[in-house]
Structure formats: structure tokens, C-alpha cells
Novice: 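Can you read through this structure? Questions will come right after.
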Amino acid sequence: MNKTEKEQAYTAALAEIKAVLQGESQMVLKMSTINCILKSHLPYYFWVGFYCMHEGALIVGPYQGTLGCLHIGLDRGICGRAARLAQTQLIQDVHADPEHLACDSRTNSEIVLPVFDPQGQLIAVFDVDSTEKAAFDELDQEFLEQLLAEQFAQSALEKQFLS
Ligand code: SME
């Protein structure tokens, strides 16, 4: 996918997500819908899903793809690092990252983003994996950070004023 195609795909996906999730607040419903719509627009997505904070560690939440790891401690994996640092991790080659947890050996690159609630509390990380090398870049990061902020970090009041 070239830059323009990627931009168009994300713009369409985000608009669809916004329309479908209008007025919804239930977490599992929102996570499942985001996975489904993104995966149907972005052909290089191989695994897409959420790991949710639970008792100080991450547990697998709604996802689409092959079997994911069930539990990830904050000291393990790129997901653990994204949660620990509360920062997006953009990984061009997962095999070159010693912290990477290989749930499926076909994964070659990934992006993991922290997910915050309106109080700024870390509630989950959003993990997207690709079999392509260096599939993700700043464009993915920009669109996904915007989506996660809109869907999980903005309060209902903020949404009303920003839409
Ligand atoms: N990408 C992760 C592990 C989760 S799976 O790939 C679904 C990591 O290294 O944290």
C-alpha cells in the first residue's frame, strides 16, 4: 500500500468506526468493532487486538487473528514495554527486538499503542502485527493514536464539543 492508499484506507475506516460507535460506551463492543473495521480496510494487518490491564498485568482482550498470548507481564514483550513506558512502540523488524514475544512466528513487524481512559489511566494496549517487514510507519501511528484518543480517552462532553 502506498502512502495515499494507506491514508485513504485509514480515513474511510476511522469514519466508519466513528459512525458505527456513535453513542456507544461499552468497552468490549468498541474494541471488537474497531478490530473488525480496521482489519477489513487494511490488508497488511495480520493480527489486531487489545491487551487489557488486569491486576497489574496484561490479559488478552478482543482480537482478530491467530491465537494470541493470554497473559503478558509488564516486564515482557513489546506490549509490556508499551504499557510500562505508556508510549507507542513502532517495530520495523520484531526479530531484531529481544523483548518481542512471538505468539505467531509469521509476524515480522508491529505497532503497539497505549490506550488511556478520560482520567489518563492506562487501560489497555492496542497491538497490530503484520507478516510484512516494516509494514507500519508514522502514518499508522498518527491515525491509530487519533482513533484511540477519540474512542477511549475523550469524555462524552469533549466528544460533544469536538464533533
Ligand atoms: N506482539 C506482542 C505479543 C502479542 S502477539 O504478537 C499477539 C509482544 O511482543 O508484546
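Values reported hereafter were calculated over all heavy atoms of this structure, with side chains retained and with hydrogens, waters and symmetry mates removed. Order of appearance sets the numbers: ligands from 1, and atoms from 1 within every ligand. None of the values given here were measured: they were computed from a predicted structure.
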Novice: H100 heavy atoms, cut-off 4.0 Å: which ligand 1 atoms fall inside?
Specialist: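 The list of qualifying atoms is 9 (O).
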
Novice: Distance-only, no hydrogens or angles: does the H100 side chain make a donor-acceptor pair with backbone N or O of S109 under 3.5 Å?
Specialist: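 Between the backbone of S109 and the side chain of H100 there is no qualifying donor-acceptor contact (under 3.5 Å).
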
Novice: Using a 4.0 Å heavy-atom cut-off, say whether R76 meets ligand 1 through its side chain, its backbone, both or neither.
Specialist: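 It is neither; nothing of R76 touches ligand 1.
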
Novice: Within ligand 1, which atoms have a heavy atom of C79 less than 4.0 Å away?
Specialist: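 Reading through ligand 1 atom by atom, the close ones are 2 (C), 8 (C), 10 (O).
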
Novice: Are F46 and E110 close enough that some pair of their side-chain heavy atoms sits under 4.5 Å apart?
Specialist: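 They are not in contact (no side-chain heavy atoms under 4.5 Å apart), so the answer is no.
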
Novice: Fit a plane to each ring of Y10 and F143, take the angle between them on a 0 to 90° scale, and name the class: parallel (under 30°), tilted (30 to 60°) or perpendicular (over 60°).
Specialist: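 Y10 and F143: parallel rings.
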
Novice: Does T107 have a non-hydrogen atom less than 4.0 Å from ligand 1?
Specialist: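 The answer is no, since T107 has no heavy atom less than 4.0 Å from ligand 1.
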
Novice: Is any N or O atom of E99, backbone or side chain, closer than 3.5 Å to an N or O atom of ligand 1?
Specialist: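 The answer is no, given that E99 and ligand 1 share no N or O pair closer than 3.5 Å.
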
Novice: Describe, in one word, how the ring planes of W47 and Y63 are oriented to each other, choosing from parallel (under 30°), tilted (30 to 60°) and perpendicular (over 60°).
Specialist: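 Rings of W47 and Y63: parallel, as their planes differ by under 30°.
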
Novice: Can you pull out the closest protein heavy atom to atom 5 (S) of ligand 1? Residue, atom name and distance to 0.1 Å, please.
Specialist: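 Checking every protein heavy atom, the shortest distance to atom 5 (S) of ligand 1 gives C103 SG, 3.1 Å.
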
Novice: Using a strict cut-off of less than 4.0 Å between a Lys/Arg side-chain nitrogen and an Asp/Glu carboxylate oxygen, indicate whether K6 and D140 qualify as a salt bridge.
Specialist: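 Between D140 and K6 there is a salt bridge, with a charged N closer than 4.0 Å to a carboxylate O.
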
Novice: Donor-acceptor pair, distance only, cut-off 3.5 Å: does the side chain of E132 make one with the backbone of A135?
Specialist: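 No, the answer is negative, given that no donor and acceptor are paired below the 3.5 Å cut-off.
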
Novice: Quick one: look up the protein heavy atom nearest atom 8 (C) of ligand 1 and list residue, atom name and how far away it is.
Specialist: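 The protein heavy atom lying closest is I78 N, 3.3 Å.
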
Novice: Check each atom of ligand 1 against the heavy atoms of D129 and keep those under 4.0 Å away; list them by number with element.
Specialist: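 Near D129, the atoms of ligand 1 are 5 (S), 6 (O), 7 (C).
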
Novice: Are any of the side-chain heavy atoms of I37 and V20 separated by less than 4.5 Å?
Specialist: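 Yes. Closest side-chain heavy atoms under 4.5 Å.
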
Novice: Is there a nitrogen or oxygen of E110 sitting under 3.5 Å from a nitrogen or oxygen of ligand 1?
Specialist: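 N/O-N/O distance below 3.5 Å exists for this pair.
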
Novice: Is it the case that more than 12 heavy atoms not belonging to R84 sit under 6.0 Å from its CZ atom?
Specialist: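 Yes, enclosed.
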
Novice: I need the nearest protein heavy-atom contact for atom 3 (C) of ligand 1: residue, atom name and distance, please.
Specialist: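 Here the nearest protein heavy atom works out to L101 O, 3.5 Å.
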
Novice: Tell me, please: is Y51 in heavy-atom contact with ligand 1, that is, under 4.0 Å?
Specialist: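 Y51: in contact with ligand 1 (<4.0 Å).
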
